Amino acid sequence: RGASAAFTFYEAPSVSSSKFDGKGISVAVTFDQPTDRAGMAPTDASCAAVLSPETLAHLGESPSCVWQSDSELVVTLGVGPATVPGDVIAVKAGAVRSRNGGSHAS
């Protein structure tokens with residue numbers, strides 16, 4: 001006799017879109033699935049917890065990142081941002097997992 005087990009593999013969340021607001025002061029970043037919000041507390045607005053250093057370097061001084069839902073992060077640009085439409089918003093390596101914790105970190 002053999003043994004078998006069923007399992008489900010979860011891909012790490014990835015950015016599916018990012019869009020500037022109408023005033024160009026914030027960017028809504030949407031993930032392809034619900035996330036664990038990078039383990040951030042509801043009161044934590046640190047972009048360093050979720051975005052890559054390369055991305056942070058273009059967001060200006062003291063940007064903020066607030067989760068609107070498990071799948072949407074709103075990045076409010078800081079003073080003197082250098083990011084423009086078309087730039088890549090990259091997630092910090094190892095920061096974001098699927099909401100159920102079943103994926104590797106992105």
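Values in this document were obtained by computation on a predicted structure and should not be read as measured data.
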Quick check for you: to the nearest 0.5 Å, what is the distance between Arg97 atom CZ and Ser106 atom OG? 10.5 Å
Ignoring hydrogens, what is the shortest heavy-atom contact between Ala49 and Ala38? Give both atom names and the distance. O-CB, 4.1 Å
Closest heavy-atom pair and its distance - Ala12, His104: CB-O, 3.1 Å
So does Arg99 pair up with Asp36, basic N to acidic O under 4.0 Å? no
hydrophobic_cluster_shared for Val66 and Phe20, side chain cutoff 4.5 Å: no
Yes or no on side-chain contact (heavy atoms from CB on, under 4.5 Å) for Trp67 and Thr35, after CA distance, side-chain angles and deciding distance? CA-CA 10 Å; Trp67 290 94; Thr35 72; 3.5 Å; yes
What is the minimum heavy-atom distance between Ser46 and Asp44, and which atoms define it? N-OD1, 2.9 Å
To check you understand the geometry: which heavy-atom pair defines the closest contact between Val96 and Val91, and what is its length? CG2-CG1, 3.6 Å
Once rounded to the nearest 0.5 Å, what's the spacing between atom OG1 of Thr83 and atom CG of Leu56? 11.0 Å
Keeping Gln33 on the side-chain end and Glu11 on the backbone end, is there a donor-acceptor pair under 3.5 Å? yes
Least distance between heavy atoms, Ala105 atom then Ala95 atom: CB-N, 4.2 Å
For Ser14, which residues count as a side chain to side chain contact (heavy atoms under 4.5 Å, CB included) partner, sequence neighbours excluded? Asp32
side-chain hydrogen bond (donor to acceptor under 3.5 Å, both in side chains) against Asn100, all qualifying residues, sequence neighbours excluded: Tyr10, Ser98
Trace of the side-chain contact (heavy atoms from CB on, under 4.5 Å) decision for Leu51 with Cys65: CA-CA 9 Å; Leu51 299 179; Cys65 290; 3.7 Å; yes
Show the nearest heavy-atom pair for residues Thr55 and Val88, with the distance to one decimal. OG1-O, 3.8 Å
Result block: side-chain N/O donor-acceptor pairs under 3.5 angstrom for residues 71-78, not counting sequence neighbours:
none

